[in-house]
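Atoms within a ligand are numbered from 1 in the order they appear, just like the ligands themselves. Values below: all heavy atoms of this structure, side chains included; hydrogens, waters and symmetry mates excluded.
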Amino acid sequence: MKSILFVCLGNICRSPLAEGIARKIADDYQLAVKIDSAGTGHWHVGETPCENSVKVAHMNGVDIQNLRARQIHYNDTGFSHIVAMDRQNYQDLQDLGFKNIYLIGDYGNLNGADIPDPWFFNGFEGFHKVYAMLEQSIQEFMKKEIV
Ligand code: 4NP
């Protein structure tokens, strides 16, 4: 079975949102795929996703409240697809020795763009943009790489 690990820095804003969106797509299309997320950093291990990610997910019918942050681990080499949210995540994953790394910005119509780190946003507005970017890119990623 194929398996996807979405990776960002903290595993509290972008990658939990990506995980929730991918789970919804997998449900809708009845895809047999394992889906998880992790952070390259350790700072937020055990925490729930950030409030604005929970909120924007909920507004779109996606429930991510029960996810908990974890740090990426060498056992995660078992995932068939490791998906970075931005170029720094991609570089960090390469440096850690992971293979099968994908940049989510290479899908949808993002033209290689990074998913901006919403930790540094003031307020909620940027989370709508992040959600829209993730939704279109993950849909195409799943269609091309997983189905
Ligand atoms: P994420 O956002 O990588 O999308 O989960 C961040 C959350 C926390 C930090 C950085 C990014 N931080 O530096 O604590």
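Residues passing the side-chain contact (heavy atoms from CB on, under 4.5 Å) test with Val62 are Lys24, Ala57, Ile64, Tyr131, sequence neighbours excluded.
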Starting from the C-alpha separation in whole Å, work towards a yes-or-no answer on side chain to side chain donor-acceptor pair (under 3.5 Å) for Asp86 and Asn89.
CA-CA 5 Å; Asp86 66 29; Asn89 307 145; 3.3 Å; yes

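Screening residues 57-84 for salt bridge (Lys or Arg N to Asp or Glu O under 4.0 Å) gives Asp36-Arg70, Arg70-Asp76 as the qualifying pairs, with residues at least two apart or on separate chains.
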Show me a pair-per-line table, with atom names and distances to 0.1 Å, of protein N or O atoms that are under 3.5 Å from an N or O of ligand 1.
from	atom 1	to	atom 2	distance (Å)
ligand 1	2 (O)	Asp117	OD1	3.2
ligand 1	3 (O)	Leu9	N	3.0
ligand 1	3 (O)	Gly10	N	2.8
ligand 1	3 (O)	Arg14	NH2	2.9
ligand 1	4 (O)	Arg14	N	2.9
ligand 1	4 (O)	Arg14	NE	2.7
ligand 1	5 (O)	Gly10	N	3.4
ligand 1	5 (O)	Asn11	N	3.2
ligand 1	5 (O)	Ile12	N	3.0
ligand 1	5 (O)	Cys13	N	2.9
ligand 1	14 (O)	His44	NE2	2.7

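Here Glu19 pairs with Arg23 in a salt bridge; the nearest charged N to carboxylate O distance falls below 4.0 Å.
The only member of Glu145, Gln139, Lys143 that meets side chain to side chain donor-acceptor pair (under 3.5 Å) when paired with Tyr107 is Glu145.
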Report, one line per pair, each donor and acceptor closer than 3.5 Å where one atom sits in a side chain of residues 47-55; sequence neighbours left out.
from	atom 1	to	atom 2	distance (Å)
Glu47	OE1	His44	ND1	3.0
Glu47	OE2	His44	ND1	3.3
Ser53	OG	Cys13	O	2.8

